[in-house]
Amino acid sequence: MSRFASRLFLVVSQHAASRTVVSPRRIPAFLRTVCTSQGLQSLTRYDETTDWQKKLTPEEYVVTRERGTEQPFSGIYLNHYEVGMYHCVCCDAPLFSSEAKYDSGTGWPAFKEAHGTWERDESLASIIRRPDNSLGSAGTEVLCKNCDSHLGHVFDDGPDPTGHRFCINSISLKFKARENNKPEKPEEN
């Protein structure tokens with residue numbers, strides 16, 4: 001009897017396997033509309049017609065479009081202390097203020113918070129965070145909200161009051177100095 005049961009199980013399982021290959025199970029209609037959406041787009045605004053390889057240098061392309069990382073202590077903005085705004089090299093969106101920049105000693109420019117952050121609310125900032133396991137451990141990648149370019153990573157070991165350390169690749173940034181760098185002179189009467 002056990003031989004019969006094992007042979008029957010083998011025949012039934014082979015038939016079931018061949019049936020799923022030949023004619024897959026039907027998905028109920030009420031699930032199809034939810035599960036199969038045509039033309040999934042990025043959650044951010046992304047212009048697919050932009051030829052990033054023509055617009056960017058090879059180094060900028062590798063870091064921003066292929067999620068690369070520049071060598072530590074090699075970036076032009078590591079020891080940069082001019083007053084102004086750091087913008088995305090790809091789309092020119094304002095990302096970080098020089099007032100939020102500090103020396104973390106890690107080899108990359110570090111910022112306490114993104115431009116547009118109000119207390120802990122980043123909804124008006126030009127960055128988004130995305131989970132990233134490419135470094136071998138759980139981390140958080142920082143992207144430009146406007147064009148999805150890879151900027152760097154954020155860690156929870158930064159200074160007060162935010163506790164965040166945005167380690168950003170210099171090559172993914174473009175600096176624009178504040179037009180009025182000097183304090184206003186008092187009017188003379």
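Because the structure is predicted, anything quoted here is derived from the model rather than measured. Counting begins at 1 with the first residue of the sequence.
Between Y86 and H80, the ring-plane angle classifies as perpendicular under the 30° and 60° cut-offs.
The neighbour count for Q71 CD, taken as heavy atoms of other residues, nucleotides or ligands under 6.0 Å away, does not exceed 12.
Formation of a donor-acceptor pair under 3.5 Å by the K145 side chain with backbone atoms of A93 is not found in this model. Side chain of K112 to main chain of Y102: no donor-acceptor pair is present (N/O by atom type, distance under 3.5 Å, no hydrogens or angles). Using modelled atom types, one side-chain atom of S170 and one backbone atom of Y77 make a donor-acceptor pair closer than 3.5 Å.
Shown are V154, N169, L95; of these, the side chain to side chain contact (heavy atoms under 4.5 Å, CB included) with V142 is made only by V154. Screening D160, D156, D103, D157 against R165 for a salt bridge (Lys or Arg N to Asp or Glu O under 4.0 Å) leaves a single residue, D157. Residue E99 forms a side chain to side chain contact (heavy atoms under 4.5 Å, CB included) with just one option from E113, H115, R178, and that option is R178.
Connection of I76 to L78 is not established within any shared hydrophobic cluster, with ILVMFWY side chains joined at heavy-atom distances below 4.5 Å, either directly or through further cluster members. In this structure, V62 is not a member of the same hydrophobic cluster as L56, with clusters built from ILVMFWY side-chain heavy atoms closer than 4.5 Å. L151 and F175 fall within a single hydrophobic cluster, where Ile, Leu, Val, Met, Phe, Trp and Tyr are joined by side-chain heavy atoms under 4.5 Å apart, directly or via other members.
Interatomic distance, CZ of F111 versus SG of C167, reported as 10.0 Å (0.5 Å rounding).
Looking at H150 and E141, their side chains do bring a donor and an acceptor atom within 3.5 Å of each other.
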Tell me, with the steps shown, if F96 and F166 meet ring pair (Phe, Tyr, Trp, His ring centres under 6.0 Å). CA-CA 10 Å; F96 298 96; F166 288 89; 5.6 Å; yes

